[in-house]
There are 2 protein chains.
Amino acid sequence: MELYGERGYEQTTVTEIAKRAGLTERTFFRHYADKREVLFAGSALLRERLVSGLEGAPPSAPPIEAVAGALQAAAAVFDERREQARQRQRVITANAELQERELVKLASLATAMREALRLRGVSEPAAGLAAEAGIAVFKVAFERWIDSVGERGMGAFILEGLAGLESLMAGGRP
Amino acid sequence: MELYGERGYEQTTVTEIAKRAGLTERTFFRHYADKREVLFAGSALLRERLVSGLEGAPPSAPPIEAVAGALQAAAAVFDERREQARQRQRVITANAELQERELVKLASLATAMREALRLRGVSEPAAGLAAEAGIAVFKVAFERWIDSVGERGMGAFILEGLAGLESLMAGGRP
DNA sequence: GGCTTGATGACAGTTGCTGACATCGAGGGT
DNA sequence: ACCCTCGATGTCAGCAACTGTCATCAAGCC
């Protein structure tokens with residue numbers, strides 16, 4: 001992160017990263033599958049929160065409410081590390097390769113939610129739709145949260161996003 | 001595509017592709033930014049269809065209906081080349097790097113739709129939400145279409161997806 | 001003290017991708 | 001017909017990401 005911040009992602013070679021960490025290039029690749037993965041190792045935590053959020057929802061709750069709860073649980077992760085999240089996002093938005101990887105991580109979150117919904121008894125294609133729509137709301141809310149100035153928590157943006165999408169799907173014209 | 005089909009994506013080197021095409025490796029990279037791009041050059045057509053679908057919708061139509069029309073216009077592209085689409089998708093699902101690039105292309109479609117919606121007068125965050133939700137429906141519909149056996153057009157899956165998402169957002173329990 | 005085992009180093013090799021310069025063929029102007 | 005420009009291609013050298021293989025080494029275990 002230091003090096004990525006100092007000279008940018010592309011201008012940083014793996015050899016430099018390894019040297020700064022007091023290791024060999026080869027050893028770096030034993031810990032991270034590739035150069036990008038350094039920035040995304042933490043996404044496992046997000047997945048856990050989403051999944052346990054879905055598992056923790058009352059069995060009687062409709063899918064969208066379960067998803068809403070899971071998104072709230074995930075949003076809390078960001079509120080705890082607001083500045084770190086912004087710094088990280090600055091590096092990512094500055095580089096196309098990193099944005100690719102971020103999309104992959106989001107897709108894997110969608111898959112995890114989809115499977116957790118299936119376990120709740122939600123059938124296809126509803127499970128896939130609910131998961132993808134949830135991630136869509138998450139993306140928009142995250143972007144707005146990052147660009148926001150105040151101390152507003154990400155959960156508020158999630159709520160707004162859910163309400164907005166609900167209105168849109170009902171034929172609303174905001 | 002021949003080589004990717006014969007021996008798989010990773011086992012095919014750019015040198016081989018260039019030789020098969022009667023060109024040099026260097027010339028290959030003058031036409032395609034990278035090795036993956038060969039499979040995604042056609043996505044520009046998809047974007048055009050989506051955008052002109054949005055532009056062509058009656059100004060009075062609510063966002064979700066404009067998106068629905070655009071998705072239908074895009075779906076037609078696939079019905080015309082069903083077998084080709086399947087073959088391509090087989091190559092892509094067999095390789096992680098290619099799935100990454102596919103996600104990038106989908107994200108760029110979402111961005112294009114978002115901007116087209118803004119031009120229709122839809123404001124944020126509704127434009128972003130509608131675009132992302134539309135792509136979510138598209139993803140699920142495409143997956144179901146690829147896995148389907150009959151001659152059913154992709155447009156039918158799009159319609160089902162839209163209806164399903166509408167029901168979900170209204171608190172439905174399918 | 002010897003043994004296994006997991007992490008690391010050393011090193012060579014492949015391949016995607018880029019920069020710099022030379023070449024060549026098609027049109028365009030005179 | 002002659003030259004001239006220009007776009008596409010070839011040639012060559014090189015970097016950096018990533019991988020396979022084997023040696024080394026330290027920690028714990030018998």
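- For B/K35, taking side-chain heavy atoms from C-beta onward, the closest of the listed nucleotides C/dG9, C/dC17, D/dA17 is C/dC17.
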Test log, rule salt bridge (charged side-chain N to carboxylate O under 4.0 Å, His left out), inputs B/R114 and A/E143: CA-CA 14 Å; B/R114 182 183 194 159; A/E143 182 188 332; 3.2 Å; yes
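- In plain terms, the two heavy atoms of B/Y9 and B/R36 that are nearest each other are OH-CG, 3.0 Å.
- Taking only distance into account, the side chain of A/R30 never meets the base of C/dG6 through a donor-acceptor pair shorter than 3.5 Å.
- For the pair B/N95 CG and C/dG16 P, the computed distance is 12 Å after rounding to whole Å.
- At whole-Å resolution of the value, CG in A/D34 and P in C/dC17 are 14 Å apart.
- If you check every strand for non-hydrogen atoms under 4.0 Å, A/T13 touches sugar and phosphate atoms only.
- For B/E37 (side chain) and B/Y32 (main-chain N/O), no donor-acceptor pair under 3.5 Å exists by modelled atom type.
- Atom CD in B/Q11 sits roughly 16 Å away from atom P in C/dT14 (whole-Å rounding).
- Taking CD of A/E65 as the reference point, atom CG of A/L162 lies at 10.5 Å (rounded to 0.5 Å).
- Between the side chain of B/R36 and the base of C/dG16 there is no donor-acceptor pair of N/O atoms closer than 3.5 Å.
- Each of A/F29 and B/T24 lies near DNA chain D, and the nucleotide nearest B/T24 is the one positioned closer to the 5' end.
- In terms of phosphate contacts, A/T27 brings no side-chain nitrogen or oxygen within less than 4.0 Å of OP1 or OP2 of C/dT8.
- As rounded to whole Å, 13 Å separates atom C1' of D/dC15 from atom CD of A/E10.
- Between B/R120 and B/P59 the shortest heavy-atom distance is NH2-O, 3.8 Å.
- The nearest whole Å value for the distance from the CZ atom in B/R26 to the P atom in C/dT23 is 18 Å.
- Look at CD on A/E25: it is 18 Å from P on D/dT21, rounded to the nearest Å.
- For B/E97 and C/dC17, the CD to C1' distance is 13 Å, given to the nearest whole Å.
- Side-chain N/O atoms of B/H31 include none lying less than 4.0 angstrom from OP1 or OP2 on D/dA8.
- Between B/R101 atom CZ and C/dG16 atom P the separation is 14 Å, expressed in whole Å.
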